[in-house]
Number of protein chains: 2
Amino acid sequence: MNLKQLSELLGLSQTTVSRALNGYPEVNEATRERVLQAVKETGYRPNKAAQRLATGKAGSIGLVMPTAPDHYSDVHFGEFLTGLGEEAVRHDFHFVIMPADPNDEVGALRRLAISGNVDALFVAYMRGHDPRLPMLKSLSMPFLVHGRSIGSEPDYPYLDIDNEGAFYDATRLLLQLGHTRFALLNGPEHLDFAMRRKNGMIAALSERGLSLPDDHMSHTTMTDELGQTAMERFLQMPERPTAILCSSTVLALGAIRAVNQAGLKLGEDVSLIAHDDVLPHLKPENFSVPLTTTRSSLRAAGVRIAQRLIGTIKQDGPFPEQELWKTELIVRSSTGPVPRADQNLGGV
Amino acid sequence: MNLKQLSELLGLSQTTVSRALNGYPEVNEATRERVLQAVKETGYRPNKAAQRLATGKAGSIGLVMPTAPDHYSDVHFGEFLTGLGEEAVRHDFHFVIMPADPNDEVGALRRLAISGNVDALFVAYMRGHDPRLPMLKSLSMPFLVHGRSIGSEPDYPYLDIDNEGAFYDATRLLLQLGHTRFALLNGPEHLDFAMRRKNGMIAALSERGLSLPDDHMSHTTMTDELGQTAMERFLQMPERPTAILCSSTVLALGAIRAVNQAGLKLGEDVSLIAHDDVLPHLKPENFSVPLTTTRSSLRAAGVRIAQRLIGTIKQDGPFPEQELWKTELIVRSSTGPVPRADQNLGGV
DNA sequence: TGCTTTTGTCAAAGCGCTTTGGAACGGCGT
DNA sequence: ACGCCGTTCCAAAGCGCTTTGACAAAAGCA
């Protein structure tokens, strides 16, 4: 069943049917209804290839999937992709994926761009001075990045959350509660978001004349096991930290296991604030001690990025080039005043 | 630059140029050379959409990417995808990916099929009685599965490795070395390959009148941390197992850490055989005690699957419908005779 | 030499859609 | 009655490629 057959069936011209389908104003509402009805009955679906040829739009956005262990072992990426996918399906867009050796991300991105299969590109997992950025800019194809890249000219379209602000605020809260000995469970060190969170934390600390020694930071892939291991190390320190910042609720899950196994009480002996990406299977309010968090939905970011990308392709715009989402600081029970015994002991 | 312009430039007809490009025989070799040369100089690339429209082929294969934590936290999938991608790039094919809620895999697969964006479908991570299979069969679109599905009618095209055989052989080797107390570090219980490996192991054991109690099996996502945890549990048993089978070298990595930390010697106190997917960053011969393995390259499987899928689409066939790859049993130093002290103690 | 094959090339007809430039029609004012 | 406008629809021209059917030119055969 194609447009021609459908239009013959309806006794209309192809033009009219096409316009009815694509929401053009110059077609009678009654006619449009009739067309829509016929589409339902016949199960007509426009041929994608023909649409692509006629419009010059592929209806797809490209992304290269790095096959490095770092990226894969990451439920966060899955959650984000789900958001992207949700919105894409809604507009009948799809993703073209190119698996690539992590050493050849730039090349893979270029190949994807010139393949003619995509209208726009998307990248994530930004690093400092990210080499993909100059490449994308030279490409004359719309693109959007999730996150930012420290050290790069900030003249590219992005969506990011205010990582510095989030961890700055979280640190301030803990400082106000009297804590002076801090530690950080962070994501992989080379990733932009991890750097920014660290910076935000350090900024707040230095306002009080405190610093954060290297051995009080852990940079790992964000799994619960690694969170536990790192936390165990912190807890074995002679002057163990009482205030922990944590880049993910997944890391926090492990960290809290370590706290419990050490016979300590979360929110009393140890205060912890985690960043909450709103993962559906891991709700901070359901932890045995509900978690104080900085919150920003990863899935919502995916939805928004898909929206902007698709909007740009369809030229629905204009969209803001750069969006920086504030996070919410939600106080629950995992934070409390510094324990009496640890007061006035001075910072690390 | 399009075909028309290119042909005018060359003083040839579009037909001839098109034929020269697509390897048809009825064009003079000298002419073909000339065309190819011009393509290089002008950087001409055929318009994908037009090709799709003219040929009816999309030049792409679809896969739904489950966003469940299980699948993501899996370097194995990345390695496999790399193989697929390698071969796809070679033929200028691409993947269309649809991220999907794990509860809606079947629906996502159907949407992908009717979207008109793909010529063929690919699925992996098969489970028993997999509900995707009947759906795919009803679809009149070529598909290929990696793995098999216990409990399903075996009338679908697949590529799988002989998981039963691999673990049967591995178990026999350990039995011949005198071991009687076994344990298994396996992948997620509901996945077909894990079931088959367990079955192969149990088959070999029962030939000697041995069995494998539930607490001597661990079913987890295949990360090194979880391998370590599970192994620690095995080693704390009053009659600790001396022979370990392991579904991945990644699990083995953690397991061996546990062995070392318990002050035991691999290949002497404990023998271990792991399945080796030939992950580039984890070579069994580079372990401090080189690992005895059952080997089958996951990347090679990816390449082969892409070949078959692309071949089917291009009707290059015929390909065998079902392929079952034998694994190699490669003996290195992580296996040795049962320790003297543990001899004749009887199986679990 | 005249005849049939083979070889190398071409013009033109799609593939199924979007979109441009008009045309038919009714309602309005004069 | 006429001309003019806005609305609603249509015919036809692409989009860039593949492929069919035909045709010259070259080659093989008698």
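Throughout, protein chains are lettered first and strands after them, A, B, ... in sequence-line order, and every chain is numbered starting at 1.
Here C:dA11 presents its P atom at 11 Å from CG of B:Leu12, a figure rounded to the nearest Å. Atom CG in B:Leu53 sits roughly 17 Å away from atom P in C:dA13 (whole-Å rounding). Residue B:Lys48 contributes atom NZ, which lies 19 Å from atom P of C:dG16 at whole-angstrom precision. Atom CD of A:Glu29 is separated from atom P of D:dC9 by 11 Å (rounded to the nearest Å). Rounded to whole angstrom, the span from the CG atom of B:Leu21 across to the P atom of D:dG16 amounts to 16 Å. The distance between atom CD of A:Glu8 and atom P of D:dA11, rounded to the nearest whole Å, is 11 Å.
In this structure, A:Leu159 and A:Val145 have side chains that are not in contact, with every pair of non-hydrogen atoms separated by 4.5 Å or more. Counting only heavy atoms from C-beta outward, the side chains of A:Leu136 and A:Leu109 approach each other to under 4.5 Å. With a 4.5 Å cut-off on side-chain heavy atoms, A:Val17 and A:Val39 do not count as touching.
For the pairing with B:Gln37, the side chain to side chain donor-acceptor pair (under 3.5 Å) check across B:Glu33, B:Arg34, B:Glu41 returns one residue only, B:Glu41.
Residue pairs meeting the side-chain hydrogen bond (donor to acceptor under 3.5 Å, both in side chains) criterion with at least one member in residues 48-65 of chain A, sequence neighbours excluded, are A:Lys48-A:Asp92.
Counting non-hydrogen atoms under 4.0 angstrom, A:Gly11 reaches the backbone sugars and phosphates but no base.
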Reading 5' to 3' through nucleotides 17-27 of chain C, protein heavy-atom contacts under 4.0 Å coded B for base, S for sugar-phosphate only, - for none: BBBBB------

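Remark: side-chain polar atoms of B:Asp119 are paired, donor with acceptor, to backbone N or O of B:Gly59 under 3.5 angstrom.
For the pair A:Asp192 and A:Arg148, the salt-bridge criterion is not met [side-chain N within less than 4.0 Å of a carboxylate O]. Between B:Lys137 and B:Glu153 there is no salt bridge, since no side-chain nitrogen of the basic residue lies less than 4.0 Å from a carboxylate oxygen of the acidic one.
In the helix from C:dT1-D:dA30 to C:dT30-D:dA1, the terminal helix axes, each the rotation mapping four pairs' C1' atoms onto the next four within five end pairs, subtend 50°, rounded to 10°.
Classification of the A:Phe80-A:Phe77 ring pair by plane angle, with boundaries at 30° and 60°, yields parallel.
Close to D:dC9, at under 4.0 Å from its OP1 or OP2, lies a side-chain N or O of A:Thr31.
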